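Because the structure is predicted, anything quoted here is derived from the model rather than measured. Numbers restart at 1 for each chain; the letters A, B, ... are given by sequence-line order, proteins then strands.
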Amino acid sequence: MSTMTVKVRVWRQPSPDKEGRLVDYTVGNVVADMSFVEMLDVLNEQLVAAGEDTVAFDSDCREGICGSCGCVVNGVPHGPGTGKTACQLFMRAFTDGDTLVVEPFRAKAFPVLKDLCVDRGAFDRMIAAGGYISANTGAAPDGNQLLIGKEIAEKAFDAAACIGCGACVAACKNASAVLFVSAKVGQLSYLPQGQPERYRRVVRMVDQMQKEGFGACSNEGECEAVCPKEISTLHIQIMQRDYLRSVLRGA
Amino acid sequence: MKRLLALLSSDIGRKALMGLTGLLLIGFLIAHMSANLLVPFSKEGYNEYSHKLITNPLIYLAELGLLVFFAGHFVTGIVVTLKNWGARPIAYQRKDPAGDPSRKSLASSTMIYSGLVLLVFVPLHLVTFKFGPWYLTPDGSMRDIHRLTIEVFHSPINLAWYLIALPILGFHAWHGFGSGFESLGVAHSAGLRRFGQGLAVVLTLGFMAVPLYVLLGGGAS
């Protein structure tokens, strides 16, 4: 099997309060069918062998569904290509001798913890602010009692596909989180179960988004282009409508 | 009032106000550009139109409205931009465009700069024309704004400035029209965006028609 060698310029930052910088490494024995994070594993094996500190990065399922991994590869969150996370970015996207610039997702609301690991706790706090429904416990109602049209179900599912990786924030020139928030608002507000708290939810989540220090939306759609789940920016306009309606009603 | 303050204190509210005021200003520009097209065709018609416009008592209300829209637009624009810049304190070493389906363009990423040019352009434009020399028509019945227009564009500096600033205005509207509607919660569509881009081109060419007409020797009496 033929292998390739790539140059990797990785952001190294020992801790949140220390200065970081790009450090150059050469990674050999890279197989085209390796994923990008597997290439980072190879790099870390080299570093361990050399007795150096390994590159810290988040990773969990390695099948593109958990939302843990993510970094900016050659200027694009999750790297080149569409509809995939960094673990589903394969080294065949690059050629022998390529240089890969690897940086963490950058936003004031996503402080770097170490190297490529950022604290995405802001996303959790926005969910905690209102991204839920209040349901009484007890037996689940019969599925057929609550009829939901196919189009509405599809729209809600599209929003619910969000895995909360944060690539939308990383891609946005304003580090805005509106695509994430609109997906988390939409997955509930399109459905009957989400109606009772619909307006309170959007106001609380949007207010929390501002408190976290994310920017505003410039309607460019970079977020949708890098989203591993290709979530549409149409959810953003629906969320904005709900938010403006709530504020103008004095909710 | 309380609701307006709530609106002004949120990013989504500020962007909605920026979009609304921007769209209203584009509405004004359509009327302004259409009237300008009288310049090459009818000197009397243009003067008469201007006379009717400035002698209508409602003009003060309209001017107040325009002032509010303009001020509201650039204040929200600057506030939102400063906040956006603060949302990413450490810049990327390398940042590439994400590609399709992103609508990012040179226009969309330079709105604050094109806007700042317009913030300089609009007051200068008012000083040049609205508050400029008050010539009277030969019969002395009304202002000869046509004569002033021709005179202004006989100056190469004015001519160059307008021929630079007007495309920047169009550039600003190129992204602004579609984005304004989106900020108000109107679902984005390729059709709406293309309509806005077409409108921006029409506005730019329409406004440039007058200085170009003078450049090509029009209006020489």
Side-chain angles (χ1 to χ4, degrees), chain A residues 9 11 20-22 72-77 80 82 101 103-104 106-110 112 167 169-178 203 206-207 209-210 213-226 230 232-234 236-245 247-250, chain B residues 2-20 76-77 79-105 107-112 175-189 193:
Chain A
R9 307 194 68 201
W11 184 259
R21 64 191 178 93
L22 287 173
V72 176
V73 185
N74 285 350
V76 180
T82 56
V101 181
E103 295 177 77
R106 294 211 182 276
K108 186 182 169 192
F110 285 172
V112 172
V169 173
C172 177
K173 73 183 168 85
N174 309 328
S176 176
V178 285
V203 170
V206 167
D207 286 352
M209 172 171 75
Q210 279 194 212
F214 294 103
C217 178
S218 281
N219 302 312
E220 287 187 326
E222 289 280 289
C223 50
E224 180 178 347
V226 300
E230 301 179 307
S232 168
T233 47
L234 287 169
I236 298 175
Q237 281 106 50
I238 299 169
M239 176 191 73
Q240 284 168 335
R241 224 146 52 207
D242 272 9
Y243 181 81
L244 292 171
R245 211 174 281 158
V247 171
L248 292 174
R249 276 183 187 163
Chain B
K2 203 176 130 204
R3 286 169 195 186
L4 185 68
L5 282 177
L7 213 55
L8 281 171
S9 65
S10 81
D11 287 335
I12 291 178
R14 282 189 284 249
K15 283 286 306 198
L17 286 173
M18 196 204 299
L20 180 68
T76 48
V79 169
V80 167
T81 303
L82 289 178
K83 196 173 166 246
N84 286 345
W85 286 349
R88 177 168 293 131
I90 301 171
Y92 287 107
Q93 307 272 325
R94 176 170 172 184
K95 187 75 169 70
D96 288 13
D100 195 56
S102 171
R103 283 97 64 191
K104 191 186 180 89
S105 62
S108 77
S109 42
T110 54
M111 289 300 275
I112 186 66
H175 172 71
F177 184 85
S179 183
F181 275 107
E182 287 171 41
S183 294
L184 288 168
V186 176
H188 74 78
S189 67
R193 212 155 43 246

For chain A, which of B/V80, B/V186, B/T81 has the most heavy-atom pairs under 4.5 Å?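 So the answer, after comparing B/V80, B/V186, B/T81, is B/V186.
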Can you tell which of B/R14, B/K95, B/M18 has the highest number of heavy-atom pairs within less than 4.5 Å of chain A? B/K95
Could you tell me which portion of [X] (side chain, backbone, both or neither) has an atom closer than 4.5 angstrom to a non-hydrogen atom of chain B?
X: A/C223; result: neither
X: A/E103; result: side chain
X: A/N74; result: both
X: A/T233; result: both

Taking the side chain as everything from C-beta on, heavy atoms only, tell me whether [X] gets closer than 4.5 Å to [Y].
X: B/I12; Y: A/M239; value: yes
X: A/S218; Y: A/K173; value: yes
X: A/Y243; Y: A/V178; value: no
X: A/V112; Y: A/R106; value: yes

Top residue by heavy-atom pair count (under 4.5 Å) with chain B, among [options]?
options: A/P77, A/S176, A/A170; result: A/A170
options: A/G213, A/P80, A/A216, A/G215; result: A/A216
options: A/Q240, A/R241, A/E220; result: A/E220
options: A/K108, A/E230, A/E222, A/E224; result: A/E222

Counting only non-hydrogen atoms closer than 4.5 Å, does [X] touch chain A with its backbone (N, CA, C, O), its side chain (CB onward), both, or neither?
X: B/S9; value: backbone
X: B/S189; value: neither
X: B/K104; value: both
X: B/A187; value: both

Nearest 0.5 Å, please: how far is [atom2] in [Y] from [atom1] in [X]?
X: B/E182; Y: A/L234; atom1: CD; atom2: CG; result: 8.5 Å
X: A/L244; Y: B/S183; atom1: CG; atom2: OG; result: 9.0 Å
X: B/D11; Y: B/N84; atom1: CG; atom2: CG; result: 7.0 Å
X: B/H175; Y: B/T110; atom1: NE2; atom2: OG1; result: 9.5 Å

Between B/K15 and B/T76 (side chain of the first, backbone of the second, donor and acceptor by atom type, cut-off under 3.5 Å), is there such a pair? no
